[in-house]
Amino acid sequence: MTDNRNRFGWPAVSLAVFATAWGGNEFTPLLVLYRQITDLSPVVVDALLFAYVLGIVPALLIGGPLSDRFGRRPLMLPAPVFAALGSVLLAAGSQSVTLLTAGRICSGIALGLSMAVGGSWIKELSDRDGARAGAGAGRAAMSLTAGFGIGAGVAGVLAQWGPWPHVLPYLVNIAIAVCAGALLTVVPETRFRSSTPGRLVDDLRIPAAGHRRFMFVVLPVAPWVFGAAASAYAIIPALMSARTSGAPIAFAALCCVLGLGAGFGIQSVGRRIDVPGSSRGVVVALTTLVAGMLVAALAAHVLTVWLSLVAATLLGCGYGMALIAGLLEVQRIAGPDDLAGLTAVFYSVTYLGFAVPALLAWITETWTSITYTEMFLFGAIAALACLAVAASGHTRHRPEVRPEVVEQPMRAEGVVTGQSH
């Protein structure tokens with residue numbers, strides 16, 4: 001192994017993960033911009049937010065198994081390429097739904113590959129360097145969260161006050177993605193092609209997805225992960241656009257940063273809140289989400305800026321706690337041969353939450369008498385119902401706590417980024 005390969009190890013992969021996360025979330029604060037400069041309906045604009053799920057889900061579900069079969073580098077190298085391509089299409093397509101949709105799907109493919117493959121590669125490279133247990137997974141999680149938050153913040157500021165608002169934010173991501181892609185070519189491989197790989201269809205099977213605890217404890221919380229996040233930085237800024245007319249795009253970026261920052265912060269204590277053998281993590285997550293929905297309902301009613309920021313922060317806490325609690329449950333349920341697959345299934349369900357803004361916009365257009373206040377109140381009731389299902393599921397399907405999970409709780413971070421088996 002050359003010196004260059006040692007030097008450009010996990011930091012290079014982390015930069016690629018950062019670039020793809022940036023590309024995945026740079027579009028979010030610009031939703032306000034597209035409502036201003038196009039004649040697209042709110043439903044169509046919010047549907048574009050969801051469009052990248054069409055790229056994320058297949059990349060998640062097949063990226064991990066393919067990287068186990070062919071190696072990390074062949075599956076991770078396309079990620080920054082798709083990130084750059086997505087940003088090119090978005091920059092060129094401000095007036096074209098087709099180009100915007102294609103750009104969002106490319107961004108989703110990039111992010112899905114990073115989550116399914118990049119996290120595994122960072123962990124393996126960190127372990128090879130002798131890092132402490134959990135360090136690699138922590139590096140991967142921080143790269144993702146930093147990319148989500150910084151990407152949204154920078155894109156919002158550039159779109160609000162910079163030249164070429166519908167182009168310049170994407171050019172920054174293109175530059176970062178190109179640099180990351182170049183560095184990936186000199187990162188050492190950690191998973192080599194098997195001489196007897198077996199059938200790919202066997203790798204894609206995920207028996208643990210039918211586990212009773214996964215179905216009745218994990219799935220009830222999963223859609224709330226990004227349902228809460230999307231509510232925080234897509235719905236709330238749209239509701240407050242009249243009160244933030246001086247800088248609506250920057251306000252949307254602020255909601256993104258607050259929500260993601262709160263989510264990142266609570267994850268650091270979430271591992272202590274979530275105790276193996278209990279349902280405390282899921283209960284705290286859904287309780288926080290109920291509180292966030294209630295404050296969001298109040299903010300939608302009174303349309304006060306400071307209250308909307310409180311709601312975005314609370315929903316961000318709910319997002320972060322739901323994510324870490326769900327992933328810790330996934331680790332306890334999955335065996336060593338289906339951890340990556342079950343994590344991919346969990347992530348696929350979480351990303352369904354990005355449909356929430358489009359769904360609510362469609363409801364308000366179809367039934368004009370229904371307000372966002374009423375829909376947030378319904379969200380609080382739905383979260384309470386999910387809490388009841390999860391609590392009941394925990395009682396009826398107690399977890400099997402393996403010794404290694406108790407002795408090394410930091411390993412739970414490994415599944416945050418789709419660690420492969």
Side-chain angles (χ1 to χ4, degrees), residues 15 17-36 45-46 48-53 56 83-84 86-87 90-91 94 100 103-104 106-108 110-111 114-115 141-162 165-177 225-241 244 247-267 308-309 311-320 323 350-351 353-354 356-357:
L15 180 62
V17 172
F18 174 85
T20 59
W22 179 308
N25 212 35
E26 64 188 347
F27 182 83
T28 306
L30 273 62
L31 291 171
V32 176
L33 172 69
Y34 290 116
R35 290 189 179 98
Q36 293 176 339
V45 173
D46 287 336
L48 290 170
L49 178 67
F50 176 75
Y52 88 140
V53 176
I56 287 175
S87 287
L90 291 169
S94 61
L100 289 174
R104 290 294 287 158
C106 287
S107 298
L111 183 56
S114 286
M115 295 171 78
M142 290 177 67
S143 301
L144 273 172
T145 303
F148 286 143
I150 296 174
V154 172
V157 169
L158 292 177
Q160 183 68 68
W161 292 296
H166 60 282
V167 174
L168 184 59
Y170 300 117
L171 295 182
V172 177
N173 181 244
I174 293 169
I176 297 172
V225 173
F226 290 113
S231 298
Y233 50 64
I235 298 175
I236 290 176
L239 287 173
M240 296 302 299
S241 59
T244 57
I249 303 171
F251 179 77
L254 177 60
C255 288
C256 285
V257 173
L258 280 177
L260 290 168
F264 180 73
I266 203 170
Q267 284 182 40
S308 67
L309 293 177
T313 303
L314 262 179
L315 288 169
C317 288
Y319 142 78
L323 179 60
T350 66
Y351 274 105
F354 274 113
V356 169

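For the residue pair Ala232 and Cys255, the shortest heavy atom distance occurs at O-CB, 3.6 Å. Residue Cys256 comes nearest to Ala152 through the heavy atom pair CB-CB, 3.6 Å, listed as atom of the first residue, atom of the second, then distance. Ala84 approaches Ile174 most closely through the heavy-atom pair O-CG1, 3.8 Å. Between Ser308 and Phe251, the shortest heavy-atom contact is OG-CZ, 3.4 Å. The minimum heavy-atom distance linking Thr20 with Ala83 is given by the pair CG2-CB, 4.1 Å. The minimum heavy-atom distance linking Ala155 with Leu30 is given by the pair O-CD1, 3.8 Å.
With contacts defined as side-chain heavy-atom distances shorter than 4.5 Å, the pair Tyr351/Leu111 qualifies. Side-chain contact check for His166 versus Leu33: some heavy-atom pair is nearer than 4.5 Å. Side-chain contact check for Arg35 versus Asp46: some heavy-atom pair is nearer than 4.5 Å. Side-chain contact between Leu260 and Asn25 is present, with heavy atoms from C-beta onward closer than 4.5 Å. Contact of the Leu315 side chain with the Tyr233 side chain is not registered, since no non-hydrogen atoms from C-beta on lie closer than 4.5 Å. Looking only at side-chain heavy atoms (C-beta outward), Tyr34 and Ser94 come within less than 4.5 Å of each other. Counting heavy atoms from C-beta outward, Glu26 and Ser87 have side chains that approach closer than 4.5 Å. The shortest distance between side-chain heavy atoms of Val356 and Ser231 falls below 4.5 Å.
Side-chain N or O atoms of Asn173 include none that pairs as donor or acceptor with a backbone N or O of Trp22 at under 3.5 Å.
With values rounded to the nearest 0.5 angstrom, Ile56 atom CD1 is found 7.5 Å from Arg104 atom CZ. Interatomic distance, Ser241 OG to Leu31 CG, rounded to the nearest 0.5 Å: 12.0 Å. Leu49 contributes atom CG, which lies 9.5 Å from atom CD1 of Ile235 (distance to the nearest 0.5 angstrom). Taking CG from Leu48 and OG1 from Thr28, the interatomic distance works out to 11.5 Å, rounded to the nearest 0.5 Å. Atom OG1 in Thr350 sits 9.0 Å away from atom OH in Tyr319 (nearest 0.5 Å). For the atom pair CG (Leu254) and CD1 (Ile249), the distance works out to 14.0 Å, reported to the nearest 0.5 Å.
Under the 6.0 Å cut-off for aromatic ring centres, Phe354 and Phe226 qualify, their centroids lying closer than that. Ring-centre distance between Tyr170 and Phe27: not below the 6.0 Å cut-off.
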**OP:** Before giving the answer on side-chain contact (heavy atoms from CB on, under 4.5 Å), spell out for Phe18 and Ser114 the whole-Å C-alpha distance, their side-chain angles and the decisive distance to 0.1 Å.
**Re:** CA-CA 9 Å; Phe18 174 85; Ser114 286; over 6 Å; no
